[in-house]
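So the structure is just underneath, and the comments pick up after that.
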Amino acid sequence: MAEPAWVPPSCTLPTEEQPLRVAEWDALFAERLTALSRPSALRLRLDLAGGQGVAERVRELASRESACCSFFTFAVSAAASSGEDRVHLDVSVDEGHASVLEALAARAGAAVRR
């Protein structure tokens, strides 16, 4: 299995744990992702279906990701719109990691199109 393009060499997560983390993101995207947008080249916004515990799950996953990939900045917010709970995850990177964000957006986008 090829290494995911959004796991750069600067990631400090042990190599054997990386597929498990990728699987966590994939599961979140498959289960909850409703839309994504690119407000800028260095920012990605993921809109997720909310529900009990979803915001906490996203915050916890984002926190663990920040610990090994310090170039990511995550902001999680929860809101209700038209009677539906939503969780918004904003992901930002520095210019040196724009390609990593692009790869993450492509992976998430594939989940939305399924």
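Because the structure is predicted, anything quoted here is derived from the model rather than measured.
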So, do Leu36 and Leu44 sit near enough that their side-chain heavy atoms are less than 4.5 Å apart? yes
I would like to know whether Val87 and Val76 meet side-chain contact (heavy atoms from CB on, under 4.5 Å); could you show each step before the answer? CA-CA 7 Å; Val87 175; Val76 180; 3.8 Å; yes
Distance, nearest 0.5 Å, that separates CG of Leu89 from CZ of Arg45: 9.0 Å
Euclidean distance, Glu65 CD relative to Glu24 CD, rounded to 0.5 Å: 9.0 Å
Heavy-atom check, side chain of Leu33 versus side chain of Leu46, under 4.5 Å: yes
Distance from Cys68 atom SG to Glu17 atom CD, nearest 0.5 Å? 9.0 Å
Taking the side chain as every heavy atom from C-beta outward, state whether Val93 and Val100 have any atom pair closer than 4.5 Å. no
Going from CZ on Arg107 to CZ on Phe29, what distance comes out if it is rounded to the nearest 0.5 angstrom? 8.0 Å
Can you name the closest pair of heavy atoms from Gly50 and Arg32 and give their distance? O-NH1, 2.7 Å
Criterion side-chain contact (heavy atoms from CB on, under 4.5 Å) on Val54 and Asp85, from CA distance to verdict: CA-CA 10 Å; Val54 174; Asp85 289 335; over 6 Å; no
Do Arg86 and Ser77 touch side chain to side chain, with heavy atoms closer than 4.5 Å? no
Under a 4.5 Å cut-off applied to non-hydrogen side-chain atoms, are Phe72 and Ser92 in contact? no
Keeping the roles fixed (side chain from Ser66, backbone from Ala62), state whether a donor-acceptor pair exists under 3.5 Å. yes
Working to the nearest 0.5 angstrom, can you tell me the gap between Gln52 CD and Arg57 CZ? 13.5 Å
Is the backbone N or O of Ala49 less than 3.5 Å from a side-chain atom of Thr34, with the two atoms forming a donor-acceptor pair by type? no
Qualifying ring-ring contact (aromatic ring centres under 6.0 Å, His included) pairs with a residue from residues 34-70, counting only residues at least two apart or across chains: none
Hey, what do you get for OG (Ser40) to CG (Leu101), rounding to the nearest 0.5 Å? 8.0 Å
Is any side-chain heavy atom of Arg21 closer than 4.5 Å to a side-chain heavy atom of Leu61? yes
For the student: nearest non-hydrogen atoms of Ala55 and Ala78, plus distance: CB-CB, 4.4 Å
Sequence neighbours excluded - ring-ring contact (aromatic ring centres under 6.0 Å, His included) pairs with any residue from residues 84-107: Phe71-His97
